[in-house]
Amino acid sequence: MSAAAPAGRDLPHAPECGRRERKKHRTRMALLDAALDLFLEQGYDATTIDEIVAAVPVSQRTFFRYFATKEDLVTGFKAEHDQIMREALAARPDGERPFTALAAAMGAVLRAIAEDDPDGTARFRKVRRVIEANPALMPAQIARMAATERALAALIARRQGVDPDTDVRPRLIVALYTAATRVAFEECARHDVWDPLLIAARVEETLALARDSLPEWV
């Protein structure tokens, strides 16, 4: 039997892997920043992929290595926030009421955004402004939100010890939470509020209002 190859012989050097990942992240963020600036300056529909790649500059092939479509630039940015939301919800105390747990998890997301570096916080503000100003992004937003709601409902079902295939309450609670947060974000946009901490406060107020209104209005 031949001797085993030394560990790591066929694997890329770790520092080299780290440099590649950092370079890929910088390229992705550069494309996102260029796109958001163009969307805000001249409109989402009026901006072409050619203009985005020219602003970086990279090739179209590079663009499609990171993003499938223009919509993906905007909705894909929120994937990390969805992951934070799921992890925060899973970490909430056992026995906490589902709506309260969802509200606390959203607070964790918005705090993470507020505590991000200035570039990350600025991207959040720009993404919110682009989403609110462009109804053309609604189908992609709905598709992303549907996937997020399914994941959150599965977590709520697990926390409550019910079967999500036969018990609609987890989906109902998540749908209510989603509607309340959407109203809060829309109100923030209507009043030109884009700061993550101010949005967090408005979301918390709206979720509390939704929870307290249920016994009287539903």
Side-chain angles (χ1 to χ4, degrees), residues 25-26 28-41 43-44 66-67 70-93 96 98-138 140-149 151-152 155-156 173-212:
H25 177 74
R26 286 195 299 269
R28 183 182 180 86
M29 291 301 101
L31 284 164
L32 177 59
D33 289 339
L36 291 173
D37 288 341
L38 286 167
F39 294 160
L40 291 171
E41 288 170 9
Y44 175 81
Y66 294 95
F67 303 101
K70 276 200 313 181
E71 290 92 339
D72 191 35
L73 278 158
V74 180
T75 58
F77 175 76
K78 302 185 74 176
E80 181 179 347
H81 301 159
D82 291 342
Q83 179 64 27
I84 295 172
M85 178 76 189
R86 290 191 295 270
E87 291 175 356
L89 178 59
R92 296 304 302 170
E96 189 173 48
F99 199 82
T100 300
L102 286 162
M106 171 54 74
V109 173
L110 291 168
R111 283 194 302 275
I113 294 168
E115 293 167 2
D116 198 358
D117 61 66
D119 288 341
T121 304
R123 287 185 193 105
F124 168 78
R125 294 192 184 104
K126 291 177 182 179
V127 166
R128 290 305 317 166
R129 289 172 62 195
V130 169
I131 288 173
E132 296 295 341
N134 294 279
L137 287 166
M138 188 59 67
Q141 277 288 96
I142 291 173
R144 186 195 66 82
M145 186 54 67
T148 299
E149 287 187 1
L152 295 178
L155 284 171
I156 292 295
I173 289 295
V174 170
L176 175 61
Y177 149 80
T178 300
T181 55
R182 177 178 55 78
V183 169
F185 276 108
E186 288 175 352
E187 280 295 291
C188 288
R190 193 163 68 89
H191 293 285
D192 205 27
V193 174
W194 308 106
D195 180 84
L197 289 178
L198 294 177
I199 291 175
R202 186 65 60 88
V203 168
E204 184 177 347
E205 292 170 2
T206 307
L207 290 172
L209 180 62
R211 183 182 60 246
D212 295 342

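Residues: numbered from 1 along the sequence shown.
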Quiz item: Checking salt bridge (charged side-chain N to carboxylate O under 4.0 Å, His left out) for the pair Glu186/Arg190: CA distance, chi angles, key distance, verdict?
Solution: CA-CA 6 Å; Glu186 288 175 352; Arg190 193 163 68 89; over 6 Å; no
Quiz item: Near Glu71 CD, under 6.0 Å, is it more than 12 heavy atoms from other residues, nucleotides or ligands?
Solution: yes
Quiz item: Quick check: are there more than 12 heavy atoms from other residues, nucleotides or ligands sitting under 6.0 Å from CD of Glu80?
Solution: no
Quiz item: Going through the checks in order, is the side chain to side chain contact (heavy atoms under 4.5 Å, CB included) test met by Leu89 and Leu102?
Solution: CA-CA 6 Å; Leu89 178 59; Leu102 286 162; 3.9 Å; yes
Quiz item: Can you name the one residue among Leu36, Thr121, Val74 that meets side-chain contact (heavy atoms from CB on, under 4.5 Å) with Lys126?
Solution: Leu36
Which heavy atom of [X] sits nearest to which heavy atom of [Y], and what is that distance?
| X | Y | answer |
| --- | --- | --- |
| Phe185 | Arg128 | CB-NH2, 3.5 Å |
| Arg28 | Tyr66 | NH1-O, 3.0 Å |
| Phe77 | Val127 | CD2-CG2, 3.5 Å |
| Ala189 | Glu132 | CB-CG, 3.4 Å |
| Leu207 | Ala180 | CD2-CB, 3.6 Å |

Got a second to check how far [X]'s [atom1] is from [Y]'s [atom2], nearest 0.5 Å?
| X | Y | atom1 | atom2 | result |
| --- | --- | --- | --- | --- |
| Ile199 | Thr181 | CD1 | OG1 | 12.0 Å |
| Arg86 | Leu155 | CZ | CG | 8.0 Å |
| Leu137 | Leu73 | CG | CG | 10.0 Å |
| Thr206 | Glu187 | OG1 | CD | 7.5 Å |
| Leu38 | Glu41 | CG | CD | 5.5 Å |

Quiz item: Hey, mind stepping through Arg202 and His191 against side chain to side chain contact (heavy atoms under 4.5 Å, CB included) and telling me if it holds?
Solution: CA-CA 11 Å; Arg202 186 65 60 88; His191 293 285; 4.0 Å; yes
Quiz prompt | Asp119 side chain reached by Met29 side chain, heavy atoms, under 4.5 Å | solution =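 They are not in side-chain contact.
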Self-check item: Validation row: Ile131, Lys78 side chains within 4.5 angstrom (heavy atoms)
Solution: yes
Quiz item: Charged N to carboxylate O below 4.0 Å: is that the case for Asp116 and Arg123?
Solution: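 Looking at Arg123 together with Asp116, the answer is no, because their closest N to O distance does not fall below 4.0 Å.
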Quiz prompt | Lys/Arg-Asp/Glu bridge criterion (N-O < 4.0 Å) met for Arg111, Glu115 | solution = no
Exercise. Walk me through it: do Leu110 and Phe124 pass the test side chain to side chain contact (heavy atoms under 4.5 Å, CB included)?
Key: CA-CA 10 Å; Leu110 291 168; Phe124 168 78; 4.2 Å; yes
Quiz item: Just by distance, do the side chain of Asn134 and the backbone of Ala136 share a donor-acceptor pair under 3.5 Å?
Solution: no
Exercise. I would like to know whether Leu152 and Glu149 meet side chain to side chain contact (heavy atoms under 4.5 Å, CB included); could you show each step before the answer?
Key: CA-CA 5 Å; Leu152 295 178; Glu149 287 187 1; 5.7 Å; no
